[in-house]
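Along the sequence shown, residues carry numbers from 1.
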Amino acid sequence: MSDTNKKATLTVGDKTFEFPVLSPSAGPDVIDIRKLYGTTGMFTYDPSFTSTAACDSTITYIDGEEGILLHRGYPIDQLASKSHFLEVCYLLLYGELPNGADLEKFESIVTNHTMVHEQMHRFFTGYRRDAHPMAIMVGTVGAMSAFYHDSTDINDPHQREVASIRLIAKMPTIAAMAYKYTIGQPFVYPRNDLDYASNFLRMCFAVPAEEYQVNPILARAMDRIFTPTTNRTPRPRRCVWPRLRAPTPSPVSQRASPASGVRHMAAQTRPAWKCCVKSAPLTGSPNSLPVPRTRTIRSA
């Protein structure tokens, strides 16, 4: 956000108050009312946040009404056609698309974190078979902080990075386990020789009684389904209430908790210059740098 030097005037009775107008890199200008209560003694009333920008973000811009979704300035249609899910995850985490060596290293790290602690399997037996998948995700992801004590400090850049990798890697495993539990089938462990989308499909649909061959067309389709949803990719964020100092997985489970039901689907069409909480910078991440309005993926 940058100051436009413009001012907005609020008149209440015979009193007039001025507030600065800020300009984002994308989306409409906003009136900075952070000092509204201290200046006027009044609050604004906007229950659904339909006219309020609660934060700024250098990561994702969404405007459902205009059909715009940008990740670090790149249009989602370019990312879906020229990149794949883990490439976009890298982009969101570190600010730039990876080169070949960086991508290979990132994919290897994610692949080797796909298994979950064996004791976490017991959580699923405590859920009803007809429980909503997102409710299962909330409970299980929130419990991860009890298993991975070496990456729960949100103020440590290295621990945030480790937690990010673990969450990206383990989320498909947890989702597949939730699905298997609802249909009464045994859990299927991940395999390190498969790519991200293929691994997810196998964990969802393979059974011990026979070998499962992943259809590459379905795997590519699944990868493209994953890619537009990376604005919800698990990324540890600084808590809106810093005094809570919640373990890293907690904000992610909180983010997932409302993500179900018809109201959630309707919410996706709302313009989202009032978008996600700004991610805490990771090691070497240029999150604090301004992001261009749009960027283009160059052909190899």
Side-chain angles (χ1 to χ4, degrees), residues 25 57-61 69-116 151 156-173 175-176 189-203 213-237 248 252 276 279-300:
S25 59
S57 173
T58 61
I59 296 173
T60 299
Y61 173 77
L69 173 56
L70 305 178
H71 287 333
R72 298 287 193 182
Y74 291 105
I76 192 60
D77 58 328
Q78 291 188 23
L79 293 173
S81 62
K82 299 182 179 182
S83 300
H84 59 77
F85 178 71
L86 289 184
E87 213 172 347
V88 177
C89 289
Y90 186 101
L91 170 68
L92 292 176
L93 288 173
Y94 301 108
E96 297 293 340
L97 287 169
N99 58 35
D102 289 338
L103 179 59
E104 184 177 355
K105 179 181 178 182
F106 183 72
E107 288 178 332
S108 176
I109 294 173
V110 170
T111 299
N112 284 280
H113 279 84
T114 51
M115 289 186 64
V116 298
S151 58
D156 185 325
H158 174 70
Q159 291 193 36
R160 287 199 303 271
E161 185 168 21
V162 171
S164 297
I165 300 299
R166 283 176 172 162
L167 286 164
I168 293 170
K170 298 179 191 305
M171 198 65 73
T173 307
Y189 288 83
R191 274 178 38 177
N192 291 351
D193 60 329
L194 296 176
D195 61 71
Y196 194 87
S198 298
N199 211 1
F200 176 68
L201 290 173
R202 181 180 175 277
M203 288 189 293
Q213 296 294 331
V214 180
N215 186 322
I217 297 176
L218 294 180
R220 177 57 179 155
M222 180 57 66
D223 187 87
R224 290 196 175 189
I225 291 172
F226 283 152
T227 299
T229 62
T230 42
N231 64 301
R232 299 190 181 279
T233 297
R235 294 187 303 275
R237 303 179 175 109
T248 298
V252 178
C276 56
S279 287
L282 301 174
T283 304
S285 172
N287 284 344
S288 59
L289 301 178
V291 175
R293 184 179 297 273
T294 57
R295 307 164 85 179
T296 301
I297 297 178
R298 297 179 180 178
S299 301

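- Put simply, the residue from Q159, R160, H158 that forms a side-chain contact (heavy atoms from CB on, under 4.5 Å) with V162 is H158.
- Considering every non-hydrogen atom in both R224 and S81, the closest pair reads NH2-CA, 4.1 Å.
- Annotation: side chain of D195 is not in contact with side chain of T111 (no heavy-atom distance under 4.5 Å).
- Closest heavy-atom contact between Y196 and P172: OH-CG, 3.0 Å.
- Between P75 and L70 there is a side-chain heavy-atom pair separated by less than 4.5 Å.
- Between D102 and K105, none of the side-chain N atoms (NZ, or NE/NH1/NH2) sits under 4.0 Å from a carboxylate O, so this pair counts as no salt bridge.
- Within the 4.5 Å cutoff, the side chain of V88 has no heavy atoms near those of the F226 side chain.
- Of all non-hydrogen atoms in I168 and L86, the two that sit nearest each other are CG2-CD2, 4.0 Å.
- Taken to the nearest 0.5 Å, the OG atom of S198 stands 10.5 Å off from the CE atom of M203.
- In this structure the side chain of R72 never reaches within 4.5 angstrom of the side chain of L79, judged on heavy atoms.
- When the side-chain hydrogen bond (donor to acceptor under 3.5 Å, both in side chains) test is applied to H113, no partner is found at least two apart in sequence or on another chain.
- Shown here for S83 and L97, the closest heavy-atom pair between the two residues is OG-CD2, 4.3 Å.
- Distance check, rounded to the nearest 0.5 Å: CE of M115 to NZ of K170 gives 8.5 Å.
- Residues satisfying the side chain to side chain contact (heavy atoms under 4.5 Å, CB included) criterion with R191, sequence neighbours excluded, are D193, L194, N199, R202, E211.
- N215 approaches I217 most closely through the heavy-atom pair OD1-N, 2.8 Å.
- With rounding to the nearest 0.5 Å, the separation of CG in N112 from CG in N192 is 5.0 Å.
- In this structure, the separation between CZ on R166 and CD1 on I109 is 12.0 Å, given to the nearest 0.5 Å.
- Counting only heavy atoms from C-beta outward, the side chains of H71 and I76 approach each other to under 4.5 Å.
- Atoms OH and CG, on Y74 and L92 in that order, are 11.5 Å from each other to the nearest 0.5 Å.
- L91 CG to L103 CG: the interatomic distance, rounded to the nearest 0.5 Å, is 11.5 Å.
- In this structure, F106 and Y94 have perpendicular ring planes: the angle between them is above 60°, well past the 30° mark.
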